[in-house]
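Supplied in structure tokens, the structure appears directly below.
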Amino acid sequence: MNANLVGAVGAGGLFLLLIVIVWQVAATWRARALAARDEQYRQLADKYARLLDDSTELHRRTLDELTQARLSLTSMEKMMREVG
């Protein structure tokens, strides 16, 4: 009976050890997956920031060109009034 008890406790300890090992492997895998996802989010945020900067610069240049076109148009209108 004593040998059976030792065997049962040994088997229980082995199963408990296997459960802990599997649990730790799963936790490590989950942590790596979260870290990879965080890195992807960081890269996406950097890309978005660059695109936003590009868009802002394009908008600024468009406004500058529109302002120049308005100035030229105003100048031509003034010139045509003086001539006509």
Side-chain angles (χ1 to χ4, degrees):
M1 175 113 177
N2 195 13
N4 287 338
L5 182 63
V6 171
V9 169
L14 180 63
F15 286 130
L16 183 62
L17 177 65
L18 289 175
I19 289 170
V20 169
I21 289 171
V22 168
W23 189 277
Q24 289 302 314
V25 168
T28 301
W29 178 80
R30 230 174 314 168
R32 286 182 183 168
L34 287 174
R37 187 175 66 185
D38 286 347
E39 179 60 26
Q40 288 174 342
Y41 283 144
R42 192 172 302 113
Q43 290 174 356
L44 187 60
D46 289 343
K47 182 178 180 180
Y48 176 75
R50 286 191 306 274
L51 287 174
L52 184 60
D53 288 344
D54 292 347
S55 178
T56 301
E57 177 61 22
L58 182 60
H59 185 246
R60 186 196 61 75
R61 280 188 281 163
T62 303
L63 286 176
D64 288 347
E65 289 175 10
L66 182 58
T67 300
Q68 289 300 320
R70 283 183 180 162
L71 289 173
S72 295
L73 185 60
T74 302
S75 176
M76 280 197 305
E77 286 175 347
K78 182 178 176 184
M79 182 181 65
M80 291 183 81
R81 284 188 192 122
E82 290 174 354
V83 169

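Atoms considered below: every heavy atom in the structure, side chains included; atoms not considered: hydrogens, waters and symmetry mates. On a predicted model such as this, the values are computed, not experimentally measured, just so you know.
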Considering only heavy atoms from C-beta outward, does the side chain of Leu17 approach that of Ile21 to under 4.5 Å? yes
When rounded to the nearest 0.5 Å, the distance separating CG of Leu58 from CG of Asp53 is 12.5 Å
Is the shortest side-chain heavy-atom distance between Thr28 and Arg32 below 4.5 Å? yes
Rounding to 0.5 Å, atoms CG (Leu18) and CH2 (Trp23) come to a distance of 15.0 Å
query = Is any NZ, NE, NH1 or NH2 atom of the basic residue among Glu57 and Arg61 found under 4.0 Å from an Asp or Glu carboxylate oxygen of the other?
reply = yes
To the nearest 0.5 Å, atom OG of Ser72 lies from atom CE of Met79 at 10.5 Å
Side chain to side chain contact (heavy atoms under 4.5 Å, CB included) test vs Leu63 passes for just one of His59, Glu65, Arg60, namely His59
request  = Keeping the roles fixed (side chain from Ser75, backbone from Leu71), state whether a donor-acceptor pair exists under 3.5 Å.
outcome  = no
Output yes when Asp46 and Arg42 qualify as a salt bridge under the 4.0 Å nitrogen-oxygen rule, no when they do not.
no
Rounded to the nearest 0.5 angstrom, the CZ-CD distance for Arg70 and Gln68 is 12.0 Å
